[in-house]
Amino acid sequence: MLSEAGLVRLWREVYAMTDPVTPLDYDCGELCESLCCQDWEEGVGMYLLPGEELLLAGEPWLTRRWHDTQRYSLPTSWDRGAWFVTCEGWCPRSMRPFGCRTFPLTADMSEDGDWRLILDPNGLPICPLIKVDRPELLQPAFRATMKRAWRKLLTVEAIRNEVLASSRRRRMRIPPRHA
Ligand code: SF4
Ligand code: SF4
């Protein structure tokens with residue numbers, strides 16, 4: 001199990017490697033008026049992955065709320081709960097959460113532990129890149145970098161457990177589209 005310092009180091013590496021890449025070779029926000037950075041539905045936000053909160057604790061532009069596993073439907077592997085964050089549609093780009101970096105891709109894990117990147121079906125109502133259902137249109141550098149980033153993150157047991165739990169929930173709703 002990684003120490004707190006080890007987790008911070010890992011997250012710093014992941015943020016640094018994913019900083020320069022974008023889904024398309026131009027700002028894909030032009031396609032949708034940057035819907036994923038807006039309040040497209042009341043209360044939208046994202047969960048930080050385990051350990052990510054250590055890097056983002058002091059960021060004043062993020063509103064954080066603690067969601068307890070007793071009250072919210074969260075993977076039990078998340079121990080006590082998780083940080084749910086929202087923003088005001090602006091962030092210092094170098095500190096945007098990992099959920100914003102990897103979107104419209106996410107990791108999907110099968111029961112035997114194999115995993116792949118998929119277009120995130122949760123973003124279907126808003127993201128043209130998911131609606132078009134052509135992962136090969138995303139920049140190869142973006143896909144390759146996200147794959148490396150997720151591979152690093154999935155060495156952390158709590159993150160692996162979270163991805164498996166999310167994948168199970170997703171499979172109950174909609175089959176994944178592989179990237
Ligand atoms: S919703 Fe999709 S297309 Fe629009 S800015 Fe976000 S990732 Fe890009
Ligand atoms: S943190 Fe930044 S990238 Fe993420 S939704 Fe907010 S403005 Fe968009």
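Numbering of ligands and ligand atoms starts at 1, following listing order. Side-chain atoms are counted along with the backbone in the values below, which use heavy atoms only and exclude waters and symmetry mates. What you see is a predicted model; the values in this text were computed from it and never measured.
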Identify the closest protein heavy atom to atom 2 (Fe) of ligand 2: which residue and atom is it, and at what distance? Cys91 SG, 2.3 Å
Check for a donor-acceptor pair, side chain of Thr102 on one end and backbone N or O of Phe98 on the other, with a separation under 3.5 Å. no
Atom 7 (S) of ligand 1: which protein heavy atom is closest, and how many Å away? Phe103 CD2, 3.6 Å
Whether Arg96 side chain and Cys91 backbone form a donor-acceptor pair below 3.5 Å: no
Flag the pair Pro104 / Pro23 as yes when at least one side-chain heavy-atom distance between them is below 4.5 Å, and no otherwise. yes
Proximal atoms of ligand 2 relative to Pro97 (non-hydrogen, under 4.0 Å): 1 (S)
Could a heavy atom of Cys36 be found less than 4.0 Å from some atom of ligand 2? yes
Determine whether a donor-acceptor pair (N or O, by modelled atom type, separation under 3.5 Å) exists between the side chain of Arg160 and the backbone of Leu154. yes
Do the side chain of Gln38 and the main chain of Glu33 share a donor and acceptor less than 3.5 angstrom apart? yes
Which of the atoms in ligand 1, numbered in the order shown and given with their element, are less than 4.0 Å from a heavy-atom of Gly29? 5 (S)
Smallest heavy-atom separation, Leu48 atom then Glu53 atom, equals CD1-CA, 3.8 Å
Under 4.0 Å from a heavy atom of Cys127: which atoms of ligand 1 are those, numbered in the order shown and with their elements? 1 (S), 2 (Fe), 3 (S), 7 (S)
So which protein heavy atom does atom 4 (Fe) of ligand 2 come closest to, and at what separation? Cys100 SG, 2.3 Å
For Trp61, the ligand 2 atoms with a heavy-atom partner under 4.0 Å come out as 1 (S)
Measure the distance from atom 8 (Fe) of ligand 2 to every protein heavy atom, then report the residue, atom name and distance (to 0.1 Å) of the closest one. Cys37 SG, 2.3 Å
Atom 6 (Fe) of ligand 2 has as its nearest protein heavy atom Cys87 SG, 2.3 Å
Just by distance, do the side chain of Ser167 and the backbone of Asp108 share a donor-acceptor pair under 3.5 Å? no
Looking at atom 4 (Fe) of ligand 1, is there an N, O or S atom belonging to Cys32 that lies under 2.8 Å away from it? yes
Would you please classify the geometry between the Phe84 ring and the His67 ring as parallel, tilted or perpendicular, with 30° and 60° separating the classes? parallel
Return yes when Pro23 approaches ligand 1 closer than 4.0 angstrom through a heavy atom, no otherwise. no
